[in-house]
Each structure stands twice: as structure tokens, then as C-alpha cells.
Amino acid sequence: MSIDLILFLILAVVAVATALGMLLSKNAVYSALFLVLNFAAIAVFYLLLGAPFIAISQVTVYAGAIMVLFLFVIMLLGAETLAPSKVLRGQGWAAFGLAVVLVAETVYLLVSRHAAVGVIARPDAFLNTMDSLREIGKALFIQYLLPFEVTSILLLVAMVGAIVLTRREKGG
Amino acid sequence: MYTPTMLLAILPEILLLTLGVILLVVEPFWKAENRRNAGWLTFGGLLAALLISLLFARPADPQTVFGGMLRYDWYGFFFKMMFLFAAAATSLFMMDHEKLGRRGESYLLLLATTLGMCLMASSADLVMLYLAIETTSIPLYVLSGFMLDDKASTEAGFKYLLYGAVTSAILLYGFSLLFGFTGTTNLDTLGNALAAGPNMSGLVFGVILLLLVGLGFKISAVPFHFWAPDVYQGAPTPVAGFLSTASKAAGFAVLLRLFFAAFPGFASWPSILAVVATLTMTIGNLLALPQTNLKRLLAYSSIAHAGYALIGVVAFSELGRASVVFYLLAYIATNLLAFGAVMAFSRITGSDDIKDFSGLSRRSPWLGLAMLAAFLSLAGMPPFGGFVAKVIVFAAAVDKGLYVLAIIGILNSIIAVYYYLNVLKFVYLYRMDGENEEAHPIPLTRPYAIALVVLAVGVVLLGTLFGPWFDWSNLAALNLF
């Protein structure tokens, strides 16, 4: 057994366990923390697959920025333990049915297309170095320069809009 | 990689952004009573941007810049000039609005949404296009809900946001499927790849429907029009005017370029659009008939006008494209004039019910004249721009043998004449009950006077000296892709 496979098996257990923990814990803070752990485990999967850029952005963007924001919101609202909200009648069964359909679809595709696609080949050594990062940077700042800059305008405007809509006028 | 053309291609956008940043930095230092000057600054800046772009940034042969993200051509340029003009007029209308006029943020949001529209008109890539659409929409959501203490405005903003978010998600799904089928996001290669690939007309038909949902929302075509009346009525009137003109024109700009570039070989979409155009004209006009609120009436009329313009798209020819561009030009000038006149009136009287317009021609003859020009042009009467625009659109339909569609369009314009003239009946024939109208004048402030005069002259010019305007529309339509 190669070291990669051992790592993969350990991480797979961690990932599934934390995902279940997120779903099953009653306390919203625990759920959020389980999700952080889940993101971290998946980030290591990406590293194993030779995608360091995605791994790092998974950690910084998802586990770092978004989940910390989530935790703040949960704690500020004091929503750690919400009373069980009303669910629609039959919602559980519908969700179960849809999940079964999804799993069946995935299994069918894996089995039927396996011969045609085969196991996706390991990425070559080039991708596993930081060179891929350089390529992403080049694409982002040469080909996609304009969309990149427009995103920054979009964010600025969204920020101004949020302030406009939430600010209370003085004396008004 | 870098060429000076790249900067010329986005010169209007650069100027808009510069103006926005200046506004954002300077405005907080002004005293509260001078804040209204932000409107003059915006107006002046937009005019300067318009002139500088016209002088220096005229495109030569069409080319793609920024790695295929934008197309630098007459089509995009012509639309950009329209958006800058509409934004300049809107900034004048905003100045004397009770809530918008003294807030620098409202002008900044106007500039940002104009920037997004400019990018929409010239995008040649799905990634760029989607970002441009969002840059257009998000400031408009905020502007619609700008009057926080007004329930109707908040509702308008929220409703617009919800509809916008859902339709933009559907549009994005369509984009993702297109990328999945062809492996490219570039509009030029996309059309070829779709045509060369295996026959997937069923799937492509589905994609066309998805795209139609997203763009149909932008141009408020039936059956994606439900948001329009509530939003136009609730939003601040200058914003409603801008929504119904520039935002709609931007939607058409994308619709034309996307459908002509990506699906030239699929004969199914003109027939879908023909159905949409018929429904849009008919339902818009029929629902406009019983309206008693002028802003709601203008909302339904603007739905109907989207239908007329769609006829030109259905014609699927060069004349058809030119007719759409010209129609939008005339429609922008006319509808801004209509909304501006309504606003100048309701700012003093606090009402936009049609019956309160009684005796307007005596209370303010010039405002009455502006309403006359706007509504006759909307109705499609010579010598105003709306007449020529309608003639060219119907001509494009007849030219391609779409007689039924042209006849439906003409019947609809006859229905529409009724409710437009009905408004003018109140303005010119009815008197205020037992009052002396001279005692209730409607003073126009300077920004309104400037904007209304320029727009009224524009509407007349478009209807009389239409030759050069049509030549420019034609030039724009030639270079579509």
C-alpha cells in the first residue's frame, strides 16, 4: 500500500465522519466547526490529487473566511441552539427519495462509463509543483484581467449598496 | 500583449470609473446644503465622458481585446453612447428628487450600473457577460429600494432583487450548459462549435429557453414581466425611468449579440421570439388600458414597447438588427422624456394619478408640451421619433415576409393610441375642478428644464432628421459579430 493510499483512507474516514458530525450535532457552533474540519480534510484531498492552488484556496476562502464569518453570525445572533423548526409534511421522505436517486445516478454513471473513461490518470509532475500556480496567475492577470478588475468594482458597489440600505439617517 | 486599442476600447468605462471615484472622495467633504451639486458633477462628468469617447474612442475595424473578453466595434460603441446619454439625463432628474438628490451614493450607483451596461453591450465572452450583467443589476436593486422609509420603494427593491437573483441563476445555468456543449465561453467560437458539433437541437432549444428567461427578465418581456409594474411604481421615479430605458436597452444589446453570434444556425429561436413578441405587445397593451396610475401605465407601455422591438429581432436580418437599435434609441429618448415630465409634475403635486393631470396644459404649458411630445412619440405619431422607429421595425418584419407579426404589431399600436391619448385628454382638455389653474403653477427647476428640453428636441430630431441616426444604427448592426 502506497503512502498516498493510506493517507487517502484516513482522510476519507475523517471527511465522512465530520460531515456526519456537522449534520447530526444539535449545536450550531459544533456544526460549523465540524464543517471547518471537513473543508480541511478535503483540502488535503486536493493536495493528493496534485492541485495545490485549489487546496490553498479551499483553506483560505472556505475554511478561513467564509466559515469564520458563519461562526460570527451564529454567535452574534445567539442561534447556537435553535428550537427544532417546523418541517413540511413528507419533507424527510422526499429528501430520502431524492438522495437515493442521486446515489443511483452516480453509481450508474461510475459503472457504465468506467470502461470508457477509465481511472483518471494521475496528473503529471508539472501540475504537482507550484508551476500550476504560476499558470493560474498568468491566466488570471492576462486573459481574464478585465473580468478580474470588474469583480472589484462589483464588490465596491455591493459594499456601498449595503451601507446605503442599512444606514439610519441622522434624526430621521 | 498590450496595445493602446485596449484602453480605447474601454475608455467610456475608465471615464465612468474615474468619475465615480472622484464623486466618492469629494462628496463627503461638501457641506450638506451643497450636496445637490453632486448631480451637476455627475451630469458634467457624463457629458465630458460622452464627448471624449465620441472624439477619441470611435472604433475602426471590429476586433476583440482583453483576451477575447470584449469586442471593440460600432455596435457596442453606439450602445455605450446611448447609456451615457440616458445616465446624464437621469442624473439631472435625480438632482431634485427628495431622497436621491442629496446623496452622493445614489449618483455613484447610477455610474456603476451605467458601467455595467457599457460592458454588457461589448462583452464577447460568457464570463465577462455574466459579470457585466451583475454589475448592472446590483446597483439597480439598491437604487430601486433607496427610499428606506417608503414601503413601496422597499418592496420594489426587494421584489426586483428576488426576481433578478432567480432569473440570473437560470441564465447562468444556460451559460454553463453552453460551455459544457462547446468547451468555450467565447461568443465567436461558440457559434461555430455549436454548428460543427453533433446535432443537439433539442438540448440547444432548452438552452435557448434558459437564456430567454434571464434576458426576458431584463427586457421585461411577457411572461417575465410581473416585476415591472410594481417596481416602476415603487422605485424612485428617476430610477424607474432609467430601468425602463437604459436597462432594457442593455438587455436587448445582449440578446441581439448573443443570439446572432451563438445560434445563427438554429431556426427555432426566431419562432419562439415571435410568440414572445406577440404576447408581450398584446398583454402589455391590454393591461395598460385600465390603469389609473401614470407610472403603472408607463410600466405596461414599456412592456409593450419591448414587444415591438422584439419584432426587429425576430426578423433575423440586417435591417431587423438596425431597426432594433434605432427603436431603442428613439424609445430611450421618448420614455425618459415621459418619466421626466411625470416626475416634474408629481414632485410638486405629490401624485401620479392620471386624473390629477387635469388642467396641466394651463398650469404649466411647457410641461404639457413635453408630455404631448412624449406620449405622441410613444403612440407612434409623426413627426416624433417613435413613429419612424415603429415604421422601420414593421418594415423589417414585412421585408422578411412576417406579415402576421407586422399586422399584430400595427393592431397593437392602435390599441396603445387609446391610452396614450387618454392621458393627453386629461392634460389638455380637462380642467381642475372649480379652481383657477393659473393659481397652481408647476415650477420647473433648472435641471428639469435642461433635461426636458434636450430630450424633447431629441425626440423631434429623431422623427424628422432620422437619416443620420438610422445610418449609425445601420453601421452598428453591420458589425455585430
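Note on naming: letters A, B, ... go to the chains in the order of the sequence lines (proteins, then strands), and numbering restarts at 1 for each one.
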Q: Let me confirm one number: the CG-CG distance from B:Leu131 to A:Leu154, rounded to the nearest 0.5 Å.
A: 6.5 Å

Q: Under 4.5 Å between any side-chain heavy atoms of B:Arg103 and A:Val164, yes or no?
A: yes

Q: Please classify the contact of A:Val160 with chain B as side chain, backbone, both or neither, using a heavy-atom distance under 4.5 Å.
A: side chain

Q: Quick check on B:Glu33: does its CD atom have over 12 non-hydrogen neighbours (other residues, nucleotides or ligands) under 6.0 Å away?
A: yes

Q: Looking only at heavy atoms, what is the nearest atom pair of B:Met69 and A:Pro147, with distance?
A: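 So the minimum-distance heavy-atom pair works out to SD-CG, 3.5 Å.
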
Q: With rounding to the nearest 0.5 Å, note down the distance linking CD in B:Glu105 to CG in A:Leu165.
A: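 B:Glu105 CD to A:Leu165 CG: 10.5 Å, rounded to 0.5 Å.
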
Q: Is B:Tyr173 atom OH crowded by more than 12 heavy atoms from other residues, nucleotides or ligands, each under 6.0 Å away?
A: no

Q: Kindly compute the distance separating OG1 (B:Thr135) from CD1 (A:Ile153), expressed to the nearest 0.5 Å.
A: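 It comes to 7.0 Å.
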
Q: Side chain, backbone, both or neither: which part of B:Leu17 has a heavy atom under 4.5 Å from chain A?
A: side chain

Q: Who wins among B:Leu143, B:Val142, B:Leu24 for the most heavy-atom pairs under 4.5 Å with chain A?
A: B:Val142

Q: With a sphere of 6.0 Å drawn around CZ of B:Phe158, does it hold more than 12 non-hydrogen atoms of other residues, nucleotides or ligands?
A: no

Q: In Å and rounded to the nearest 0.5 Å, what is the CD1 to CG distance from B:Ile10 to A:Leu146?
A: 5.5 Å

